[in-house]
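One structure is given below, encoded as structure tokens.
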Amino acid sequence: MTGASVIFLRACLALLAMPIYLLSFLGIWEPFCKKIFFPFFLEKLSAIHERKTKKQKQELFRNLPDFTSPSGELKLLEIGTGCGANFQFYPPGCKVTCTDINPNFQQGLSRSMNKNQHVHYERFLVAAGEDLHQVPSGSVDAVVCTLVLCSVRNVDGTLKEVLRVLRPGGAFYFLEHVAADRSSWKYFWQQVCYPTWKLVFDGCCLTREIWNNLEQAHFSELQLQHISVVLPWTPIQPHIIGYAVK
């Protein structure tokens with residue numbers, strides 16, 4: 001598991017993905033990826049990921065009603081809503097603000113909204129996790145972020161925004177794929193796949209140790225668990241799941 005092996009295998013993978021690298025060089029891949037490929041891929045991956053993590057998500061979101069504000073409302077902000085895979089887990093009547101940096105998920109999002117009419121959808125914002133200026137400080141009871149921190153430009157900046165928009169006592173829920181143990185073969189293959197995976201899947205980074213960012217983010221309470229999600233032939237099996245309280 002030497003650095004030379006990683007470089008050699010990265011080159012082999014890049015050779016296999018040469019048409020995508022060429023399209024990227026010509027400036028064609030990124031707009032195609034954002035508008036067509038990634039929304040299509042994410043909807044399919046979300047369906048598979050959903051089947052594998054349904055029990056864990058049910059348990060994760062079970063205490064969401066505990067963070068209802070004194071007014072009796074539960075205002076929830078979801079960062080990187082994508083196709084709306086989490087809507088089914090939200091309690092009836094909660095008010096959801098959806099955000100995503102990519103506005104091209106509308107078809108999948110509309111399908112999820114139609115299936116989950118127990119939730120009140122307030123608005124959809126085109127916004128990056130690091131810049132939620134359209135959301136007032138201290139205005140939401142809960143923030144949800146699943147399979148998103150792998151691709152934000154700045155994890156710490158995103159967590160800073162989470163803390164800003166949450167009211168005191170509010171909660172941040174997360175489920176993210178992360179780096180494997182550095183001494184493992186899984187981590188070796190994550191390193192091999194990293195550049196090509198990031199290009200093909202719209203900036204998704206395989207080797208982020210996001211638990212470190214969460215531990216350093218100044219939440220008053222952090223409940224975090226490392227789990228493995230069985231996704232054969234992918235480098236994204238190691239995950240973290242949990243919630244943090246402001």
Side-chain angles (χ1 to χ4, degrees), residues 46 49 53 56-102 105 109 112-113 116 119-178 208 210-225 239-246:
S46 292
H49 195 270
T53 60
Q56 289 99 326
K57 280 191 175 184
Q58 285 172 334
E59 180 62 25
L60 173 66
F61 293 121
R62 187 172 52 83
N63 69 343
L64 249 177
D66 295 348
F67 295 98
T68 300
S69 68
S71 69
E73 288 185 335
L74 177 64
K75 290 188 175 182
L76 187 151
L77 171 76
E78 181 161 0
I79 298 174
T81 306
C83 301
N86 295 320
F87 293 161
Q88 61 183 298
F89 303 105
Y90 297 159
C94 77
K95 296 186 173 181
V96 179
T97 297
C98 304
T99 74
D100 207 294
I101 195 171
N102 187 343
F105 292 110
L109 192 57
S112 291
M113 286 177 171
N116 296 282
V119 174
H120 176 72
Y121 302 101
E122 293 212 289
R123 56 179 175 158
F124 177 88
L125 303 174
V126 178
E130 307 91 324
D131 183 10
L132 300 170
H133 69 271
Q134 296 151 285
V135 183
S137 299
S139 64
V140 298
D141 304 300
V143 176
V144 173
C145 187
T146 61
L147 302 183
V148 172
L149 294 178
C150 58
S151 56
V152 296
R153 285 196 174 91
N154 187 321
V155 176
D156 291 333
T158 300
L159 295 177
K160 189 175 179 180
E161 279 289 80
V162 168
L163 282 162
R164 181 185 66 77
V165 302
L166 275 175
R167 64 165 175 81
F172 172 56
Y173 290 80
F174 56 87
L175 171 62
E176 299 287 342
H177 71 81
V178 293
R208 287 184 173 174
I210 296 168
W211 61 91
N212 289 329
N213 303 90
L214 284 159
E215 287 167 359
Q216 295 163 15
H218 306 299
F219 287 99
S220 65
E221 178 188 344
L222 176 61
Q223 300 288 334
L224 184 150
Q225 183 183 359
H239 282 60
I240 55 170
I241 187 170
Y243 69 94
V245 180
K246 179 175 175 178

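All of these numbers come straight from a predicted model, not from anything done at the bench. If you read the sequence from its start, that first residue is 1, and numbering goes on from there.
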_If you define the side chain from C-beta out and look only at heavy atoms, does anything of Arg208 sit under 4.5 Å from Val152?_
yes

*Any chance you could lay out the side-chain contact (heavy atoms from CB on, under 4.5 Å) test for Leu60 and Phe89, step after step, and finish with the verdict?*
CA-CA 9 Å; Leu60 173 66; Phe89 303 105; over 6 Å; no

*By ring pair (Phe, Tyr, Trp, His ring centres under 6.0 Å), which residues pair with His239, not counting sequence neighbours?*
His49

Give every donor-acceptor pair under 3.5 Å between a side-chain atom in residues 167-174 and any protein atom, sequence neighbours left out.
residue: Arg167; atom: NE; partner: Asp141; partner atom: OD1; Å: 2.6
residue: Arg167; atom: NH2; partner: Phe67; partner atom: O; Å: 2.7
residue: Tyr173; atom: OH; partner: Asn63; partner atom: OD1; Å: 2.7

_To check you understand the geometry: which heavy-atom pair defines the closest contact between Leu132 and Gly129, and what is its length?_
CG-O, 3.8 Å

*With side-chain contact (heavy atoms from CB on, under 4.5 Å) as the test, would you mind laying out the steps for Val162 and Phe219 before giving the verdict?*
CA-CA 10 Å; Val162 168; Phe219 287 99; 4.3 Å; yes

*Over 12 foreign heavy atoms within 6.0 Å of NZ, Lys75*: no

*Pick one: which of Thr97, Thr99, Leu125 meets side-chain contact (heavy atoms from CB on, under 4.5 Å) with Gln134?*
Leu125

_Show, in sequence, the C-alpha distance, side-chain angles and deciding distance for Val143 and Glu161, and conclude whether the side-chain contact (heavy atoms from CB on, under 4.5 Å) test is met._
CA-CA 10 Å; Val143 176; Glu161 279 289 80; over 6 Å; no

*Which is it for Leu166 and Val140 under the side-chain contact (heavy atoms from CB on, under 4.5 Å) test, yes or no, and what are the steps along the way?*
CA-CA 5 Å; Leu166 275 175; Val140 298; 4.2 Å; yes

_If you define the side chain from C-beta out and look only at heavy atoms, does anything of Ile240 sit under 4.5 Å from Leu214?_
yes

*Test item: Arg164 and Ser137 side chains (from C-beta on) under 4.5 Å apart, heavy atoms*: yes

